[in-house]
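In what follows, a structure is listed as structure tokens, so that the remarks can point back to it.
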Amino acid sequence: MEQKQASGSQCFASKRALNTWKEAMPVDDEVGSEQRTANAQQENSEPMSEEMLRNAYHLSRLRSSSVEIREKGSERLKEELAKAQRELKLKDEECEKLSKVRDQLEQELEELTACLFEEAHKMVREANTKQATAEKQLKEAQGKIDVLLAEVTALKTLVITSTPSSPNRELHPQLQSPSKAVFKKGHGRNKSMSSAIVTATTHNTQLQPIGKDGREIDPILFDEFQAWKEAPTLDKACPFLERIYQEDISPCLSFAKHELTEAVQAAVESNTLSIEPAAAQALPAVKASAIECGGPNGWRAEVVTKCALSGLSRTCKHRIKLGDSGNYFYISPSCRSRITAVCNFFTYIRYIQQGLVRQDVEQMYWEVMKLRKEMSVAKLGYYTEES
């Protein structure tokens, strides 16, 4: 009896423990109410054996450990997921920073490239400008060298070999005897800069050179020339040229046709006046007539027409052209002599201004006075007949 009671109490305790484990243990959704119903029926129908209780206990233990393992695995996975999310967030931030750095570097590279191209274009433009300027200066320098060489040659012929004290008789036919005068034929075109050389054979007056004892320096004129010689210029406002313009140039270039007179004076001053022999066939037949004259080398034409400067009918042996215009003006020997005298004066002072005359101040002064004298004689109407 006691054994039965002990066995019954042990069985009751086992049932209570099993019920407690069942209540604590989670149940799957698929078992649901059917398993609970079966368990209740089993409890109510018959008492469970000790082996069954032991099996149930072990089963509950397994299920409990499985739930714990599942819960721990879930927590670990959540921790790993959070860690991975944090790492991804850090990597995203790092990628964003690198992207900003890349954009900044690309922008700086573009700006640097633009600056380099702009600087390169600027350097090319400057180089082209300097090259063009250098080429232009080279051409101008070559032109000036050619002009200077020609003027040096002319100066050697005119000034150095012919001075007032010892004139060159080959360059001054008026100093030779009439029987030794040489006739020269040809149609030459003479610029006012070099007209002193070409027209040296036709000076305006047959004057003998003045000896050293027959002249005296005027101190006022000499002082004005010295002051001008210190800084040579072609400005009319300087006292030296102002006096010569007033006393010699303006009276010498004063003609009846005032408009053409002003143009001739401007061309002489700018060195753009050309004088050349006139050909009879170049004139209109109505306004001119050619007279054939004998000479040592054949014939020459004397054109009788109206002088463009004086307006009088004269024998015009020469014609002038102003600048690069195609218009020619026929002039009388007297007008040509006056223009030539002024051209000779301007030629010489240009030589002095360019430093081509290697004489002392007194010799230059007397050469200027000689040219002034020729202008004074020419403006009175004296001129030398050509042979």
Side-chain angles (χ1 to χ4, degrees), residues 1-140:
M1 188 69 181
E2 292 179 358
Q3 290 179 352
K4 287 182 180 182
Q5 289 179 355
S7 176
S9 61
Q10 186 177 2
C11 183
F12 181 74
S14 298
K15 287 181 180 180
R16 289 185 60 183
L18 181 61
N19 291 331
T20 304
W21 293 333
K22 287 180 180 179
E23 290 177 0
M25 184 178 60
V27 181
D28 294 334
D29 293 335
E30 295 179 357
V31 177
S33 59
E34 293 179 359
Q35 187 174 0
R36 289 195 295 271
T37 304
N39 294 333
Q41 289 178 358
Q42 188 176 2
E43 291 175 358
N44 296 326
S45 60
E46 60 181 7
M48 296 181 66
S49 62
E50 184 178 356
E51 185 177 357
M52 291 177 63
L53 291 175
R54 192 180 295 112
N55 291 334
Y57 174 75
H58 289 298
L59 180 62
S60 64
R61 291 283 302 272
L62 290 174
R63 288 183 177 178
S64 176
S65 61
S66 176
V67 171
E68 291 178 358
I69 291 171
R70 186 184 298 175
E71 290 178 355
K72 289 182 179 179
S74 177
E75 291 178 358
R76 185 176 179 182
L77 289 175
K78 288 181 180 179
E79 291 178 357
E80 291 181 355
L81 177 62
K83 184 179 179 181
Q85 289 177 349
R86 289 194 299 271
E87 290 178 354
L88 287 175
K89 185 176 180 181
L90 292 175
K91 290 185 179 295
D92 289 338
E93 293 178 355
E94 186 176 358
C95 289
E96 186 176 359
K97 290 180 181 179
L98 292 176
S99 178
K100 290 181 180 179
V101 172
R102 183 192 63 186
D103 295 339
Q104 185 177 0
L105 289 176
E106 289 179 353
Q107 184 178 1
E108 291 179 355
L109 182 61
E110 291 178 358
E111 293 177 355
L112 180 60
T113 305
C115 291
L116 289 176
F117 274 106
E118 184 178 358
E119 189 69 22
H121 287 304
K122 183 179 179 181
M123 293 174 65
V124 170
R125 286 195 301 268
E126 292 178 353
N128 292 335
T129 304
K130 290 181 180 179
Q131 182 180 1
T133 305
E135 291 177 354
K136 182 179 178 182
Q137 291 177 352
L138 177 61
K139 291 181 180 179
E140 293 177 354

Interatomic distance, OG1@T133 vs CG@L138, rounded to 0.5 Å, equals 12.5 Å
Residue pairs, two or more places apart or on separate chains, that pass side chain to side chain donor-acceptor pair (under 3.5 Å) and touch residues 112-130: none
Rounded to the nearest 0.5 Å, what separation is found between the CG atom of L116 and the CG atom of L109? 9.5 Å
E93 vs L90, side chain to side chain contact (heavy atoms under 4.5 Å, CB included): CA-CA, chis, key distance, verdict: CA-CA 5 Å; E93 293 178 355; L90 292 175; 4.1 Å; yes
Applying the side-chain contact (heavy atoms from CB on, under 4.5 Å) criterion to S74, which one of K78, R76, K72 satisfies it? K78
Residues which pass side chain to side chain donor-acceptor pair (under 3.5 Å) with Q85, listed by chain and number, not counting sequence neighbours: none
In this structure, NZ of K91 is separated from CG of L98 (nearest 0.5 Å) by 11.0 Å
Heavy-atom count around E108 CD within 6.0 Å, excluding the residue itself: above 12? yes
Spacing of CG belonging to D92 relative to NZ belonging to K97, to within rounding of 0.5 Å: 12.5 Å
To the closest 0.5 Å, what do you measure between CD (Q104) and OG (S99)? 11.5 Å
